[in-house]
Amino acid sequence: MKDSLLDISNSRLFQALLKKAGVNPPPVLSRSKSPWGEQLLRDRNILIGGEGEHLGPLSKTFVKAGANIFTAPGLNDSTVSAMPHTALSSFENSEKMNTMKGIFYDASGMDSYAQLKELYGFFHQALLNLKGNARVVILTSIPQDQSHVLKQTLSQAVIGFAKSMAKELGPKGSTVQIIQSPEGKEGLDRSSPIAQFFLSDFSAFITGQVICTSTLAKAPENYNFAGSLAGKVVLVTGAIGGIGQGTVMAMAAEGAHVLCLDHESNKEKLEALAKEVDGTAIPLSLGQDDNPTKLAKIIKDSVGHVDILVHNAGITRDKTLKRMSEKLWDQVISVNLKSIVEITEHLAETGLLRDNGRVICLSSISGLAGNFGQSNYSSAKAGLIAFVNGFSKTVADKGITANCVAPGFIETPMTAKIPFMTRQFGRRLATLSQGGLPIDIANAITFLSSSAGQGVNGTVLRVCGGHLMGA
């Protein structure tokens with residue numbers, strides 16, 4: 001589906017006309033669409049700043065991931081002396097600042113208003129010559145001492161600062177994320193790949209998000225991106241939809257064997273998709289009481305187990321509450337919530353979901369904020385958020401993680417049916433002023449499915465371009 005205003009924004013002539021008319025054209029986002037590489041940040045120039053103790057260790061992991069590190073003016077070089085880096089003499093050196101594609105600031109350990117002002121001063125200068133499509137990540141700590149009120153106050157102040165900055169940088173296609181890391185080496189190890197993901201163009205449609213790094217599930221042997229899905233068995237429900245197909249293709253590109261599940265009426269398209277990726281087609285109608293046992297038998301007989309569950313299938317039956325029939329309510333709750341919970345729990349209980357597995361449920365920003373005429377849909381999607389939070393605690397000792405991805409407005413055949421003006425409003429209500437693509441959701445799911453995503457657990461990751469709904 002085409003976004004006409006976004007297409008126009010590629011033309012310099014129309015850009016000038018739009019700006020003269022007071023209309024800011026949507027930015028053209030720099031997205032990564034190829035399989036994950038061994039060095040996620042290869043040749044990316046990243047500016048680092050801050051005074052946190054994690055700055056040096058994390059910067060070293062960025063170098064290993066292929067990044068070129070630049071240090072902010074005035075930064076104590078002893079922090080990064082053991083690694084190759086270039087020290088900036090001034091933020092006004094536009095020739096160097098123009099090349100920055102990422103900024104990482106360590107605000108962990110912040111315990112004074114003076115340090116909060118240093119955060120302001122750093123970005124006040126750093127943003128002067130920063131070009132578009134930059135990725136900004138700010139690290140904060142999770143205060144262990146609950147009696148240290150000032151630390152908690154400042155940590156939340158940094159979040160408000162970062163979310164506001166995300167809205168200011170959005171028109172240029174730049175993004176801002178906050179990572180809250182537990183103290184200690186384990187929290188640092190798990191936060192590093194999260195930071196790398198957000199500093200890369202695989203996260204192009206994610207902005208203004210706060211991720212609290214989890215150490216709940218037992219640690220994997222390594223935290224890899226590339227190759228971590230090779231040989232894995234992935235179940236993707238709703239496989240022939242826009243997001244479903246994008247996820248199937250992305251998982252297969254990383255070496256996974258994909259079980260493609262969709263409604264029985266879509267059997268022909270489903271089999272064609274499965275054949276294209278050398279996967280397995282599972283024509284099955286969800287929302288039935290026997291779904292868990294029937295699906296378990298299919299998995300056991302065909303491949304023996306599953307490593308990753310991607311619950312993407314869902315339906316809408318929109319009506320205002322006073323006009324919604326019991327049938328419409330039951331259909332949506334059965335498919336979008338009940339089946340997902342029961343299938344996941346059954347596969348876990350029977351051991352068909354293997355240790356170190358992943359459960360990823362597609363929620364929605366409607367599940368976070370509610371939506372007019374969608375009490376059934378919003379209820380189901382909100383329930384999924386609570387489910388992954390609770391379920392993640394019951395399987396943590398097996399190394400299994402569970403998360404939700406909450407898409408915003410995504411350009412799919414389903415959204416193509418929305419009236420023209422409604423589509424335009426849906427797109428422009430995002431900080432990035434456009435709809436996302438199925439690959440944006442697929443990239444997030446692939447990250448959460450990898451061993452690198454072990455530190456994201458029991459939470460919801462919004463892939464919505466900074467949509468105002470539920471922000």
Side-chain angles (χ1 to χ4, degrees), residues 142 180-182 184 186-187 189-191 193-194 211-221 223 228-229 232-237 259 261 286-287 289-300 303-314 333-364 367-368 379-406 444-445 447-462:
I142 301 173
Q180 292 185 303
S181 177
E186 187 176 8
D189 288 343
R190 298 191 185 206
S191 295
I194 301 173
I211 295 296
C212 183
T213 302
S214 171
T215 57
L216 180 64
K218 70 176 183 180
E221 294 182 3
Y223 297 92
S228 64
L229 300 189
K232 300 290 186 182
V233 178
V234 182
L235 172 69
V236 179
T237 69
L259 307 178
L261 185 152
L286 297 179
D289 290 339
D290 63 350
N291 281 156
T293 54
K294 184 179 286 188
L295 181 57
K297 186 177 187 309
I298 293 172
I299 291 172
K300 188 174 182 180
V303 290
H305 68 272
V306 66
D307 297 286
I308 301 163
L309 299 177
V310 181
H311 290 292
N312 169 65
I333 296 300
S334 293
V335 174
N336 293 12
L337 181 60
K338 185 171 179 283
S339 282
I340 292 173
V341 171
E342 292 180 347
I343 286 171
T344 303
E345 291 183 335
H346 185 71
L347 293 180
E349 289 167 2
T350 57
L352 290 175
L353 175 61
R354 292 210 298 188
D355 287 5
N356 301 310
R358 299 287 186 264
V359 176
I360 299 151
C361 300
L362 270 291
S363 181
S364 168
L368 295 167
S379 178
K381 294 302 186 180
L384 289 178
I385 294 171
F387 169 66
V388 299
N389 182 267
F391 182 75
S392 65
K393 297 177 175 66
T394 69
V395 293
D397 61 332
K398 297 179 180 180
I400 298 172
T401 65
N403 291 287
C404 277
V405 171
I445 291 173
F447 165 64
L448 294 174
S449 299
S450 70
S451 60
Q454 188 80 355
V456 187
N457 195 12
T459 191
V460 54
L461 175 60
R462 291 175 52 135

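Position 1 is the first residue of the sequence, and the numbers go up from there.
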Q: Rounded to the nearest 0.5 Å, how far apart are OG of S214 and CD of Q180?
A: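 Here the rounded value is 12.5 Å.
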Q: Using a 4.5 Å cut-off on heavy atoms from C-beta on, say whether the side chain of R354 contacts that of V306.
A: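 No, side chains not in contact.
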Q: I'd like to check the ring-ring contact (aromatic ring centres under 6.0 Å, His included) partners of Y223; sequence neighbours left out, ordered by chain and number.
A: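 With neighbours one apart ignored, the set is empty.
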Q: Could you state the interatomic distance from CG (N336) to CD1 (I340), rounded to the nearest 0.5 Å?
A: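 Between N336 CG and I340 CD1, I get 6.0 Å after rounding to 0.5 Å.
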Q: If I take atom CG from residue N312 and atom CG from residue L362, how far apart are they, to the nearest 0.5 angstrom?
A: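 Interatomic distance, N312 CG to L362 CG, rounded to 0.5 Å: 4.5 Å.
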Q: Does anything in residues 380-403 form a ring pair (Phe, Tyr, Trp, His ring centres under 6.0 Å)? List the pairs, not counting sequence neighbours.
A: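 Non-adjacent pairs meeting ring pair (Phe, Tyr, Trp, His ring centres under 6.0 Å): F387-F391.
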Q: Is it true that the side chains of H346 and T293 contain a donor and an acceptor less than 3.5 Å apart?
A: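 The answer is no; no qualifying pair exists.
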Q: Who pairs with K398 by side-chain contact (heavy atoms from CB on, under 4.5 Å), at least two apart in sequence or on another chain?
A: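 For K398, the residues satisfying side-chain contact (heavy atoms from CB on, under 4.5 Å) (neighbours in sequence not counted) are D355, I400.
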Q: Does any N or O in the side chain of S450 come within less than 3.5 Å of the main-chain N or O of F447, such that one atom is a donor and the other an acceptor?
A: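 Flag set: sc S450 to bb F447 pair under 3.5 Å.
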Q: Any chance you could lay out the side-chain contact (heavy atoms from CB on, under 4.5 Å) test for S363 and V405, step after step, and finish with the verdict?
A: CA-CA 6 Å; S363 181; V405 171; over 6 Å; no
Q: Is a side-chain donor or acceptor of Q454 paired with a backbone partner of K218 at a separation under 3.5 angstrom?
A: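 Indeed, once roles are kept as given, a pair shorter than 3.5 Å links the two residues.
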Q: Mind listing the closest non-hydrogen atom pair of S392 and L216 along with its distance?
A: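 Heavy-atom minimum between the residues: O-CD2, 3.7 Å.
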Q: Do S191 and T213 have side-chain N/O donor and acceptor atoms under 3.5 Å apart?
A: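 Yes.
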Q: So, taking the atom named CG in L259 and the one named CD1 in I308, what distance separates them when rounded to the nearest 0.5 Å?
A: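 Rounded to the nearest 0.5 Å, the CG-CD1 separation comes out at 10.5 Å.
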Q: To check you understand the geometry: which heavy-atom pair defines the closest contact between L337 and G383, and what is its length?
A: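 Answer, listing the atom of L337 first, then G383: CD1-C, 3.9 Å.
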Q: Write down the atom of L384, the atom of C361, and the distance for their closest heavy-atom approach.
A: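 Taking L384 first and C361 second, the nearest heavy atoms are CD1-CB, 4.2 Å.
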Q: Which atom pair, heavy atoms only, marks the closest approach of S449 to R358?
A: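 S449 and R358 have their closest heavy atoms at O-CG, 3.5 Å.
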Q: List for me each residue that meets side chain to side chain donor-acceptor pair (under 3.5 Å) alongside D289, sequence neighbours excluded, and say none if there are none.
A: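 So D289 forms a side chain to side chain donor-acceptor pair (under 3.5 Å) with K338.
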Q: Using the test side chain to side chain donor-acceptor pair (under 3.5 Å), find all partners of S339 that sit at least two apart in sequence or belong to another chain.
A: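 Partners of S339 under the side chain to side chain donor-acceptor pair (under 3.5 Å) test: N291.
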Q: With sequence neighbours excluded, tell me which residues meet side-chain contact (heavy atoms from CB on, under 4.5 Å) with A313.
A: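 In terms of side-chain contact (heavy atoms from CB on, under 4.5 Å), with neighbours along the sequence ignored, A313 is linked to T237, L286.
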Q: What's the separation between atom OG in S364 and atom CZ in R462, rounded to the nearest 0.5 Å?
A: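 Interatomic distance, S364 OG to R462 CZ, rounded to 0.5 Å: 9.5 Å.
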Q: Among N457, V456, I142, T459, exactly one meets side chain to side chain contact (heavy atoms under 4.5 Å, CB included) together with C212. Which residue is that?
A: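 Only one of N457, V456, I142, T459 forms a side chain to side chain contact (heavy atoms under 4.5 Å, CB included) with C212, namely I142.
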Q: Working note: L309 + V236, criterion side-chain contact (heavy atoms from CB on, under 4.5 Å); need CA distance, chi angles, decisive distance, verdict.
A: CA-CA 7 Å; L309 299 177; V236 179; over 6 Å; no
Q: If you take all heavy atoms of D397 and T394, which pair is closest and at what distance?
A: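 So the minimum-distance heavy-atom pair works out to OD1-O, 4.0 Å.
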Q: What pair of heavy atoms forms the shortest contact from V233 to H305, and how long is it?
A: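 Closest heavy-atom pair between V233 and H305: CG1-O, 3.5 Å.
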Q: Please check if the side chain of K393 supplies one atom and the backbone of N389 the other of a donor-acceptor pair under 3.5 Å.
A: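 Flag set: sc K393 to bb N389 pair under 3.5 Å.
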Q: Measuring from I360:CD1 to L461:CG, what's the distance to the nearest 0.5 Å?
A: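 If I round to the nearest 0.5 Å, the distance is 10.0 Å.
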Q: Walk me through whether K300 and T350 qualify under side-chain contact (heavy atoms from CB on, under 4.5 Å).
A: CA-CA 10 Å; K300 188 174 182 180; T350 57; over 6 Å; no
Q: Take L235 and V310 through the side-chain contact (heavy atoms from CB on, under 4.5 Å) test and state the conclusion after the steps.
A: CA-CA 6 Å; L235 172 69; V310 181; over 6 Å; no
